[in-house]
2 protein chains.
Amino acid sequence: METLRERKKQRTREALLRSALELFTTQGYEQTTVDEIAEAVDVSQRTFFRYFAGKEEAALALTEMTVARFVEAVRARPPHEAPMEALRQAVLEGWYSINEVVESVAPIELYLRMCRVIESTPVLLAAHLRRSVEIEETIAQVLAEREGLDVDADPRPRVAVAVFSSVMRVTERQWSLGEDFSLEAIRALTSRYLDQVGPALLGNWRTA
Amino acid sequence: METLRERKKQRTREALLRSALELFTTQGYEQTTVDEIAEAVDVSQRTFFRYFAGKEEAALALTEMTVARFVEAVRARPPHEAPMEALRQAVLEGWYSINEVVESVAPIELYLRMCRVIESTPVLLAAHLRRSVEIEETIAQVLAEREGLDVDADPRPRVAVAVFSSVMRVTERQWSLGEDFSLEAIRALTSRYLDQVGPALLGNWRTA
DNA sequence: TGTCAATTGTCAGCGGCTGTCACTAGCCTC
DNA sequence: GAGGCTAGTGACAGCCGCTGACAATTGACA
(Lines give C-alpha, C1' and ligand atoms only; values in the text may rest on other atoms or scores of the structure.)
Protein backbone atom coordinates (compact mmCIF):
# COMPACT_ATOMS: atom_id res chain seq x y z
CA MET A 1 0.00 0.00 0.00
CA GLU A 2 1.35 3.37 -1.03
CA THR A 3 1.53 6.28 1.29
CA LEU A 4 -0.88 9.17 0.92
CA ARG A 5 1.93 11.40 -0.23
CA GLU A 6 2.77 9.09 -3.11
CA ARG A 7 -0.83 8.79 -4.16
CA LYS A 8 -1.19 12.54 -4.18
CA LYS A 9 1.94 12.91 -6.26
CA GLN A 10 0.79 10.40 -8.78
CA ARG A 11 -2.59 12.07 -9.03
CA THR A 12 -0.97 15.45 -9.65
CA ARG A 13 1.24 13.99 -12.35
CA GLU A 14 -1.61 12.29 -14.10
CA ALA A 15 -3.77 15.37 -13.88
CA LEU A 16 -1.00 17.44 -15.42
CA LEU A 17 -0.45 14.88 -18.14
CA ARG A 18 -4.11 14.59 -18.98
CA SER A 19 -4.60 18.33 -19.10
CA ALA A 20 -1.52 18.73 -21.22
CA LEU A 21 -2.61 16.09 -23.74
CA GLU A 22 -6.10 17.49 -23.84
CA LEU A 23 -4.81 20.98 -24.56
CA PHE A 24 -2.19 19.83 -27.05
CA THR A 25 -4.70 17.87 -29.06
CA THR A 26 -7.36 20.56 -29.07
CA GLN A 27 -5.47 23.81 -29.54
CA GLY A 28 -2.08 22.52 -30.67
CA TYR A 29 1.28 22.06 -28.97
CA GLU A 30 2.86 25.43 -29.68
CA GLN A 31 -0.32 27.28 -28.84
CA THR A 32 -0.43 25.73 -25.40
CA THR A 33 1.67 27.37 -22.69
CA VAL A 34 2.93 25.63 -19.60
CA ASP A 35 1.13 28.22 -17.49
CA GLU A 36 -2.09 27.16 -19.10
CA ILE A 37 -1.52 23.49 -18.26
CA ALA A 38 -0.57 24.28 -14.70
CA GLU A 39 -3.55 26.55 -14.28
CA ALA A 40 -5.91 23.83 -15.54
CA VAL A 41 -4.69 21.61 -12.69
CA ASP A 42 -4.44 24.52 -10.30
CA VAL A 43 -0.78 24.19 -9.48
CA SER A 44 2.08 26.58 -10.07
CA GLN A 45 4.08 26.52 -13.27
CA ARG A 46 7.10 25.55 -11.20
CA THR A 47 5.35 22.39 -10.14
CA PHE A 48 4.81 21.34 -13.72
CA PHE A 49 8.56 21.42 -14.24
CA ARG A 50 9.04 19.29 -11.15
CA TYR A 51 7.08 16.50 -12.82
CA PHE A 52 8.23 16.93 -16.41
CA ALA A 53 11.64 17.93 -17.66
CA GLY A 54 9.89 20.12 -20.21
CA LYS A 55 6.80 20.56 -22.32
CA GLU A 56 8.14 17.96 -24.71
CA GLU A 57 8.34 15.27 -22.09
CA ALA A 58 4.65 15.60 -21.34
CA ALA A 59 3.81 15.46 -25.03
CA LEU A 60 5.84 12.30 -25.54
CA ALA A 61 4.88 10.54 -22.30
CA LEU A 62 2.34 8.18 -23.87
CA THR A 63 4.64 7.24 -26.70
CA GLU A 64 7.31 6.56 -24.13
CA MET A 65 5.09 4.02 -22.42
CA THR A 66 4.41 2.11 -25.61
CA VAL A 67 8.08 2.15 -26.51
CA ALA A 68 9.03 0.66 -23.16
CA ARG A 69 6.51 -2.08 -23.80
CA PHE A 70 7.98 -2.73 -27.23
CA VAL A 71 11.48 -3.14 -25.84
CA GLU A 72 10.19 -5.65 -23.33
CA ALA A 73 8.37 -7.51 -26.08
CA VAL A 74 11.59 -7.85 -28.07
CA ARG A 75 13.39 -9.20 -25.02
CA ALA A 76 10.64 -11.74 -24.56
CA ARG A 77 10.64 -13.15 -28.08
CA PRO A 78 11.74 -16.79 -28.34
CA PRO A 79 15.45 -17.01 -29.10
CA HIS A 80 15.07 -19.28 -32.09
CA GLU A 81 13.27 -16.57 -34.08
CA ALA A 82 15.26 -14.77 -36.73
CA PRO A 83 16.12 -11.22 -35.62
CA MET A 84 13.94 -9.35 -38.08
CA GLU A 85 11.06 -11.68 -37.41
CA ALA A 86 11.37 -11.07 -33.67
CA LEU A 87 11.19 -7.33 -34.23
CA ARG A 88 8.20 -7.67 -36.49
CA GLN A 89 6.30 -9.79 -34.00
CA ALA A 90 7.17 -7.48 -31.13
CA VAL A 91 5.79 -4.47 -32.96
CA LEU A 92 2.59 -6.22 -33.91
CA GLU A 93 2.19 -7.40 -30.32
CA GLY A 94 2.64 -3.81 -29.28
CA TRP A 95 -0.17 -2.62 -31.47
CA TYR A 96 -2.45 -5.27 -30.07
CA SER A 97 -1.74 -4.59 -26.43
CA ILE A 98 -1.55 -0.84 -26.68
CA ASN A 99 -4.96 -0.48 -25.17
CA GLU A 100 -4.02 -1.80 -21.76
CA VAL A 101 -0.78 0.14 -21.74
CA VAL A 102 -2.28 3.53 -22.36
CA GLU A 103 -5.75 3.37 -20.90
CA SER A 104 -4.60 3.89 -17.31
CA VAL A 105 -3.65 7.44 -18.29
CA ALA A 106 -5.84 8.33 -21.22
CA PRO A 107 -8.24 6.78 -23.74
CA ILE A 108 -6.56 5.29 -26.81
CA GLU A 109 -8.31 7.77 -28.96
CA LEU A 110 -6.39 10.55 -27.24
CA TYR A 111 -3.20 8.60 -27.80
CA LEU A 112 -3.87 8.33 -31.51
CA ARG A 113 -4.72 12.01 -31.78
CA MET A 114 -1.53 12.85 -29.92
CA CYS A 115 0.48 10.77 -32.39
CA ARG A 116 -0.69 12.98 -35.16
CA VAL A 117 0.12 16.10 -33.21
CA ILE A 118 3.65 14.79 -32.74
CA GLU A 119 3.95 13.98 -36.42
CA SER A 120 2.79 17.44 -37.45
CA THR A 121 4.69 19.52 -34.90
CA PRO A 122 8.29 19.95 -36.03
CA VAL A 123 9.88 20.26 -32.62
CA LEU A 124 7.97 17.25 -31.30
CA LEU A 125 8.75 15.16 -34.32
CA ALA A 126 12.41 16.03 -33.85
CA ALA A 127 12.35 14.98 -30.21
CA HIS A 128 10.52 11.80 -31.12
CA LEU A 129 13.07 10.88 -33.74
CA ARG A 130 15.91 11.51 -31.37
CA ARG A 131 14.33 9.29 -28.80
CA SER A 132 13.91 6.64 -31.46
CA VAL A 133 17.62 6.43 -32.15
CA GLU A 134 18.25 5.93 -28.47
CA ILE A 135 15.83 3.03 -28.50
CA GLU A 136 17.54 1.66 -31.58
CA GLU A 137 20.76 1.39 -29.67
CA THR A 138 19.03 -0.50 -26.88
CA ILE A 139 17.38 -2.89 -29.29
CA ALA A 140 20.61 -3.45 -31.16
CA GLN A 141 22.20 -4.60 -27.95
CA VAL A 142 19.30 -6.90 -27.19
CA LEU A 143 19.61 -8.47 -30.63
CA ALA A 144 23.35 -8.84 -30.35
CA GLU A 145 22.97 -10.63 -27.05
CA ARG A 146 20.28 -12.92 -28.47
CA GLU A 147 22.56 -13.91 -31.29
CA GLY A 148 25.70 -14.05 -29.22
CA LEU A 149 27.45 -11.25 -31.10
CA ASP A 150 29.50 -8.22 -30.19
CA VAL A 151 27.59 -5.05 -31.16
CA ASP A 152 30.74 -3.16 -31.84
CA ALA A 153 32.43 -5.84 -33.88
CA ASP A 154 29.53 -6.97 -36.03
CA PRO A 155 27.58 -4.27 -37.87
CA ARG A 156 24.52 -6.44 -38.41
CA PRO A 157 22.63 -5.78 -35.18
CA ARG A 158 22.74 -2.01 -35.59
CA VAL A 159 22.09 -2.17 -39.31
CA ALA A 160 19.13 -4.51 -38.91
CA VAL A 161 17.59 -2.37 -36.19
CA ALA A 162 18.14 0.79 -38.18
CA VAL A 163 16.52 -0.73 -41.23
CA PHE A 164 13.62 -2.01 -39.23
CA SER A 165 12.90 1.18 -37.37
CA SER A 166 13.22 3.32 -40.46
CA VAL A 167 10.49 1.26 -42.05
CA MET A 168 8.42 1.74 -38.90
CA ARG A 169 8.91 5.45 -39.25
CA VAL A 170 7.63 5.43 -42.80
CA THR A 171 4.69 3.40 -41.61
CA GLU A 172 3.86 5.86 -38.83
CA ARG A 173 4.06 8.73 -41.21
CA GLN A 174 1.87 7.16 -43.85
CA TRP A 175 -0.64 6.23 -41.20
CA SER A 176 -0.79 9.74 -39.82
CA LEU A 177 -1.19 11.19 -43.30
CA GLY A 178 -3.86 8.71 -44.33
CA GLU A 179 -7.52 8.84 -43.54
CA ASP A 180 -7.94 5.69 -41.52
CA PHE A 181 -6.75 6.40 -38.00
CA SER A 182 -7.72 3.04 -36.61
CA LEU A 183 -5.41 0.52 -35.03
CA GLU A 184 -6.30 -1.98 -37.73
CA ALA A 185 -4.99 0.46 -40.30
CA ILE A 186 -1.64 0.79 -38.63
CA ARG A 187 -1.31 -2.96 -38.20
CA ALA A 188 -2.01 -3.54 -41.87
CA LEU A 189 0.44 -0.84 -42.92
CA THR A 190 3.11 -2.31 -40.66
CA SER A 191 2.95 -5.69 -42.35
CA ARG A 192 2.65 -4.23 -45.80
CA TYR A 193 5.70 -2.01 -45.47
CA LEU A 194 7.85 -4.62 -43.78
CA ASP A 195 7.10 -6.97 -46.65
CA GLN A 196 8.48 -4.39 -49.02
CA VAL A 197 11.96 -4.29 -47.55
CA GLY A 198 13.17 -7.18 -49.67
CA PRO A 199 11.68 -5.97 -52.96
CA ALA A 200 12.87 -2.42 -52.33
CA LEU A 201 16.45 -3.55 -52.22
CA LEU A 202 16.33 -5.57 -55.43
CA GLY A 203 18.12 -4.16 -58.41
CA ASN A 204 15.65 -2.99 -60.94
CA TRP A 205 12.12 -2.01 -59.93
CA ARG A 206 10.99 -1.64 -63.50
CA THR A 207 11.26 -5.31 -64.33
CA ALA A 208 9.66 -6.55 -61.15
CA MET B 1 28.84 42.11 -60.27
CA GLU B 2 27.00 42.29 -56.97
CA THR B 3 26.07 45.52 -55.37
CA LEU B 4 27.91 46.73 -52.30
CA ARG B 5 24.90 46.11 -50.16
CA GLU B 6 24.73 42.47 -51.18
CA ARG B 7 28.40 41.96 -50.56
CA LYS B 8 28.08 43.48 -47.13
CA LYS B 9 25.14 41.28 -46.31
CA GLN B 10 26.95 38.17 -47.39
CA ARG B 11 29.97 39.15 -45.37
CA THR B 12 27.85 39.67 -42.28
CA ARG B 13 26.20 36.31 -42.70
CA GLU B 14 29.45 34.49 -43.17
CA ALA B 15 31.02 36.27 -40.24
CA LEU B 16 28.08 35.28 -38.05
CA LEU B 17 28.24 31.72 -39.25
CA ARG B 18 31.95 31.43 -38.76
CA SER B 19 31.82 32.91 -35.28
CA ALA B 20 28.92 30.67 -34.37
CA LEU B 21 30.69 27.52 -35.54
CA GLU B 22 33.88 28.54 -33.85
CA LEU B 23 32.11 29.11 -30.55
CA PHE B 24 29.96 25.99 -30.83
CA THR B 25 32.94 23.76 -31.46
CA THR B 26 35.10 25.29 -28.75
CA GLN B 27 32.76 25.88 -25.83
CA GLY B 28 29.76 23.82 -26.90
CA TYR B 29 26.38 24.62 -28.39
CA GLU B 30 24.34 25.09 -25.24
CA GLN B 31 27.06 27.11 -23.58
CA THR B 32 27.07 29.60 -26.43
CA THR B 33 24.49 32.37 -26.35
CA VAL B 34 23.26 34.24 -29.38
CA ASP B 35 24.38 37.47 -27.74
CA GLU B 36 27.87 36.10 -27.64
CA ILE B 37 27.84 35.27 -31.34
CA ALA B 38 26.44 38.66 -32.26
CA GLU B 39 28.95 40.41 -30.06
CA ALA B 40 31.83 38.54 -31.69
CA VAL B 41 30.75 40.01 -35.04
CA ASP B 42 29.79 43.31 -33.48
CA VAL B 43 26.17 43.35 -34.55
CA SER B 44 23.02 43.37 -32.50
CA GLN B 45 21.37 40.13 -31.40
CA ARG B 46 18.37 41.12 -33.50
CA THR B 47 20.54 41.07 -36.61
CA PHE B 48 21.59 37.49 -35.96
CA PHE B 49 17.94 36.47 -36.08
CA ARG B 50 17.51 38.30 -39.36
CA TYR B 51 20.09 35.99 -40.94
CA PHE B 52 19.23 32.76 -39.14
CA ALA B 53 15.84 31.48 -38.10
CA GLY B 54 17.43 30.38 -34.86
CA LYS B 55 20.57 29.13 -33.19
CA GLU B 56 19.92 25.70 -34.66
CA GLU B 57 19.94 26.94 -38.21
CA ALA B 58 23.42 28.33 -37.81
CA ALA B 59 24.62 25.08 -36.28
CA LEU B 60 23.22 23.02 -39.13
CA ALA B 61 24.12 25.37 -41.97
CA LEU B 62 27.16 23.41 -43.16
CA THR B 63 25.33 20.11 -43.05
CA GLU B 64 22.57 21.70 -45.04
CA MET B 65 25.00 22.57 -47.81
CA THR B 66 26.29 19.04 -48.11
CA VAL B 67 22.77 17.66 -48.07
CA ALA B 68 21.75 19.90 -50.94
CA ARG B 69 24.72 18.61 -52.86
CA PHE B 70 23.73 15.03 -52.16
CA VAL B 71 20.22 15.57 -53.48
CA GLU B 72 21.67 17.00 -56.67
CA ALA B 73 24.02 14.05 -56.99
CA VAL B 74 21.12 11.62 -56.80
CA ARG B 75 19.27 13.52 -59.50
CA ALA B 76 22.33 13.35 -61.69
CA ARG B 77 22.92 9.59 -61.45
CA PRO B 78 22.47 7.72 -64.73
CA PRO B 79 18.93 6.35 -64.99
CA HIS B 80 20.00 2.78 -65.74
CA GLU B 81 21.51 2.39 -62.25
CA ALA B 82 19.53 0.41 -59.73
CA PRO B 83 17.99 2.71 -57.09
CA MET B 84 20.07 1.62 -54.14
CA GLU B 85 23.20 1.74 -56.22
CA ALA B 86 22.42 5.30 -57.28
CA LEU B 87 22.04 6.35 -53.66
CA ARG B 88 25.27 4.66 -52.70
CA GLN B 89 27.22 6.34 -55.46
CA ALA B 90 25.71 9.72 -54.68
CA VAL B 91 26.73 9.52 -51.05
CA LEU B 92 30.27 8.47 -51.89
CA GLU B 93 30.48 11.29 -54.43
CA GLY B 94 29.37 13.61 -51.68
CA TRP B 95 32.15 12.56 -49.36
CA TYR B 96 34.67 13.11 -52.12
CA SER B 97 33.50 16.56 -53.12
CA ILE B 98 32.73 17.81 -49.65
CA ASN B 99 35.87 19.85 -49.59
CA GLU B 100 34.84 22.22 -52.33
CA VAL B 101 31.32 22.53 -50.94
CA VAL B 102 32.31 23.59 -47.48
CA GLU B 103 35.61 25.37 -47.86
CA SER B 104 34.05 28.64 -49.02
CA VAL B 105 32.63 29.06 -45.54
CA ALA B 106 34.91 27.12 -43.25
CA PRO B 107 37.76 24.60 -43.31
CA ILE B 108 36.65 20.96 -43.52
CA GLU B 109 38.17 20.33 -40.18
CA LEU B 110 35.65 22.71 -38.63
CA TYR B 111 32.89 20.90 -40.49
CA LEU B 112 33.96 17.57 -39.08
CA ARG B 113 34.22 18.96 -35.58
CA MET B 114 30.76 20.47 -35.96
CA CYS B 115 29.37 17.10 -37.00
CA ARG B 116 30.43 15.68 -33.70
CA VAL B 117 28.93 18.57 -31.82
CA ILE B 118 25.65 17.89 -33.58
CA GLU B 119 25.84 14.21 -32.77
CA SER B 120 26.51 14.88 -29.11
CA THR B 121 24.04 17.72 -28.54
CA PRO B 122 20.55 16.30 -28.06
CA VAL B 123 18.61 19.25 -29.40
CA LEU B 124 20.86 19.51 -32.46
CA LEU B 125 20.73 15.81 -33.15
CA ALA B 126 16.96 16.00 -32.97
CA ALA B 127 16.82 18.86 -35.45
CA HIS B 128 19.24 17.05 -37.71
CA LEU B 129 17.15 13.90 -37.72
CA ARG B 130 14.01 15.83 -38.45
CA ARG B 131 15.67 17.49 -41.38
CA SER B 132 16.80 14.09 -42.59
CA VAL B 133 13.26 12.77 -42.87
CA GLU B 134 12.36 15.79 -44.95
CA ILE B 135 15.20 14.96 -47.28
CA GLU B 136 14.06 11.37 -47.39
CA GLU B 137 10.75 12.45 -48.79
CA THR B 138 12.47 14.47 -51.49
CA ILE B 139 14.73 11.59 -52.43
CA ALA B 140 11.84 9.16 -52.48
CA GLN B 141 10.15 11.33 -55.05
CA VAL B 142 13.28 11.55 -57.13
CA LEU B 143 13.60 7.78 -57.11
CA ALA B 144 9.95 7.26 -57.97
CA GLU B 145 10.29 9.56 -60.93
CA ARG B 146 13.44 7.80 -62.10
CA GLU B 147 11.65 4.48 -62.04
CA GLY B 148 8.39 5.77 -63.36
CA LEU B 149 6.41 4.95 -60.23
CA ASP B 150 3.81 6.67 -58.10
CA VAL B 151 5.27 7.39 -54.65
CA ASP B 152 1.90 7.03 -52.99
CA ALA B 153 0.91 3.83 -54.72
CA ASP B 154 4.17 1.90 -54.51
CA PRO B 155 5.84 1.66 -51.10
CA ARG B 156 9.23 0.79 -52.50
CA PRO B 157 10.63 4.27 -53.07
CA ARG B 158 9.96 5.41 -49.52
CA VAL B 159 11.01 2.11 -48.02
CA ALA B 160 14.24 2.00 -49.98
CA VAL B 161 15.14 5.56 -49.06
CA ALA B 162 14.28 4.96 -45.42
CA VAL B 163 16.45 1.86 -45.32
CA PHE B 164 19.29 3.62 -47.03
CA SER B 165 19.27 6.69 -44.85
CA SER B 166 18.95 4.73 -41.67
CA VAL B 167 22.12 2.91 -42.56
CA MET B 168 23.75 6.27 -43.25
CA ARG B 169 22.71 7.38 -39.79
CA VAL B 170 24.32 4.38 -38.18
CA THR B 171 27.42 5.13 -40.20
CA GLU B 172 27.52 8.75 -39.07
CA ARG B 173 27.11 7.75 -35.50
CA GLN B 174 29.79 5.10 -35.56
CA TRP B 175 32.13 7.48 -37.26
CA SER B 176 31.56 10.20 -34.68
CA LEU B 177 32.07 7.73 -31.83
CA GLY B 178 35.20 6.22 -33.32
CA GLU B 179 38.69 7.56 -33.16
CA ASP B 180 39.42 8.16 -36.80
CA PHE B 181 37.77 11.42 -37.79
CA SER B 182 39.16 11.46 -41.29
CA LEU B 183 37.14 11.48 -44.48
CA GLU B 184 38.70 8.19 -45.47
CA ALA B 185 37.26 6.64 -42.34
CA ILE B 186 33.75 7.76 -43.12
CA ARG B 187 34.01 6.55 -46.71
CA ALA B 188 35.16 3.13 -45.59
CA LEU B 189 32.41 2.90 -42.99
CA THR B 190 29.81 3.90 -45.55
CA SER B 191 30.70 1.04 -47.86
CA ARG B 192 31.09 -1.41 -45.05
CA TYR B 193 27.71 -0.72 -43.53
CA LEU B 194 25.85 -0.60 -46.82
CA ASP B 195 27.28 -4.00 -47.64
CA GLN B 196 25.74 -5.32 -44.46
CA VAL B 197 22.16 -4.50 -45.37
CA GLY B 198 21.67 -7.79 -47.19
CA PRO B 199 23.26 -10.01 -44.55
CA ALA B 200 21.47 -8.19 -41.74
CA LEU B 201 18.12 -9.14 -43.20
CA LEU B 202 18.90 -12.81 -43.64
CA GLY B 203 17.23 -15.22 -41.27
CA ASN B 204 19.74 -16.63 -38.90
CA TRP B 205 22.92 -14.75 -38.09
CA ARG B 206 24.35 -17.61 -36.09
CA THR B 207 24.79 -19.88 -39.06
CA ALA B 208 26.26 -17.26 -41.34
C1' DT C 1 22.37 65.94 -53.86
C1' DG C 2 18.14 64.44 -52.47
C1' DT C 3 14.84 60.76 -52.30
C1' DC C 4 13.68 56.02 -51.61
C1' DA C 5 14.33 51.47 -49.93
C1' DA C 6 16.94 48.14 -47.54
C1' DT C 7 19.44 47.05 -43.31
C1' DT C 8 20.24 47.68 -38.72
C1' DG C 9 19.85 48.96 -33.65
C1' DT C 10 16.96 49.66 -29.73
C1' DC C 11 13.46 48.53 -26.81
C1' DA C 12 9.79 46.01 -24.96
C1' DG C 13 7.83 41.70 -24.26
C1' DC C 14 6.53 36.56 -24.34
C1' DG C 15 7.39 31.78 -23.19
C1' DG C 16 10.34 27.93 -21.63
C1' DC C 17 13.07 26.85 -17.97
C1' DT C 18 15.96 27.14 -13.43
C1' DG C 19 17.64 28.50 -8.75
C1' DT C 20 16.34 29.94 -4.27
C1' DC C 21 13.81 30.25 -0.22
C1' DA C 22 10.10 30.22 2.73
C1' DC C 23 5.92 27.63 3.78
C1' DT C 24 2.79 23.82 4.09
C1' DA C 25 1.37 19.18 4.73
C1' DG C 26 2.12 14.30 5.31
C1' DC C 27 5.12 11.12 8.10
C1' DC C 28 7.29 9.19 12.01
C1' DT C 29 8.78 9.01 16.81
C1' DC C 30 8.27 9.40 21.60
C1' DG D 1 -1.32 13.31 20.07
C1' DA D 2 2.42 16.81 20.22
C1' DG D 3 6.68 17.36 18.44
C1' DG D 4 10.24 17.43 14.89
C1' DC D 5 11.56 16.02 10.20
C1' DT D 6 11.28 16.12 5.31
C1' DA D 7 9.09 15.89 0.78
C1' DG D 8 6.44 18.76 -2.00
C1' DT D 9 4.79 23.35 -3.23
C1' DG D 10 4.28 28.36 -4.28
C1' DA D 11 6.25 32.76 -5.04
C1' DC D 12 9.71 35.40 -6.93
C1' DA D 13 13.61 36.67 -9.64
C1' DG D 14 16.23 35.88 -13.52
C1' DC D 15 18.44 33.82 -17.97
C1' DC D 16 17.97 32.79 -22.73
C1' DG D 17 15.78 32.15 -27.29
C1' DC D 18 12.95 34.57 -30.09
C1' DT D 19 9.61 38.27 -32.10
C1' DG D 20 7.23 42.70 -33.17
C1' DA D 21 7.49 47.58 -33.74
C1' DC D 22 9.65 51.72 -34.72
C1' DA D 23 13.34 54.78 -35.37
C1' DA D 24 17.93 55.58 -37.24
C1' DT D 25 21.33 54.67 -40.61
C1' DT D 26 23.30 53.47 -44.92
C1' DG D 27 23.61 52.15 -49.75
C1' DA D 28 21.15 52.74 -54.45
C1' DC D 29 19.76 55.47 -58.08
C1' DA D 30 17.91 59.30 -60.45
CD1 of B:Ile37 versus C1' of D:dG17: gap in Å, rounded? 11 Å

Can you tell me how far P of D:dC16 sits from CD of B:Glu36, to the nearest Å? 9 Å

Between P of D:dC16 and CD of B:Glu39, the distance in whole Å: 12 Å

Between D:dA7, C:dG16, D:dG17, which nucleotide gets closest to the side-chain atoms of A:Asp35? C:dG16

Any N or O donor-acceptor pair linking the side chain of B:Arg46 to the base of C:dT7 at under 3.5 Å? no

May I ask you to verify whether the side chain of B:Arg50 and the base of C:dG9 hold a donor-acceptor pair under 3.5 Å? yes

Any A:Thr47 side-chain nitrogen or oxygen under 4.0 Å from OP1 or OP2 of D:dG10: yes

For D:dA7, take OP1 and OP2 only and decide whether either is under 4.0 Å from a side-chain N or O of A:Lys9. no

Integer-rounded Å distance: C:dC14 P and B:Gln45 CD: 16 Å

Report the distance from atom CD of B:Gln31 to atom P of D:dG17, rounded to the nearest whole Å. 11 Å

Closest to side chain of A:Arg5, choosing from C:dA6, D:dT6, D:dC16: D:dT6

Does B:Arg187 pair with B:Glu184 as a salt bridge, N-O distance under 4.0 Å? yes

Quick check on D:dG27: is either OP1 or OP2 less than 4.0 Å from any side-chain nitrogen or oxygen of B:Lys8? yes

Between C:dG15 atom P and A:Lys55 atom NZ, what is the distance in whole Å? 10 Å

Electrostatic pair B:Arg18-B:Glu22, nearest N-O below 4.0 angstrom: no

Tell me what A:Ser44 touches on the nucleic acid: a base, only sugar-phosphate, or nothing, going by heavy atoms under 4.0 Å. base

Could you tell me the separation between the CZ atom of B:Arg11 and the C1' atom of D:dG27, rounded to a whole number of Å? 13 Å

Here's a test of your reading of the structure: between B:Glu6 and B:Gly54, which maps to the more 5' nucleotide of DNA chain D? B:Gly54

Would you mind reading off the distance between A:Gln10 atom CD and D:dG8 atom P, rounded to a whole angstrom? 13 Å

Do the side-chain N or O atoms of A:Tyr51 get closer than 4.0 angstrom to the phosphate oxygens (OP1, OP2) of D:dG8? no

Quick check: are there more than 12 heavy atoms from other residues, nucleotides or ligands sitting under 6.0 Å from CZ of A:Phe181? yes

Cationic N near anionic O, under 4.0 Å, A:Glu137 to B:Arg173: yes

Atom CG of residue position A:Asp42 - does it have more than 12 heavy atoms of other residues, nucleotides or ligands inside 6.0 Å? no

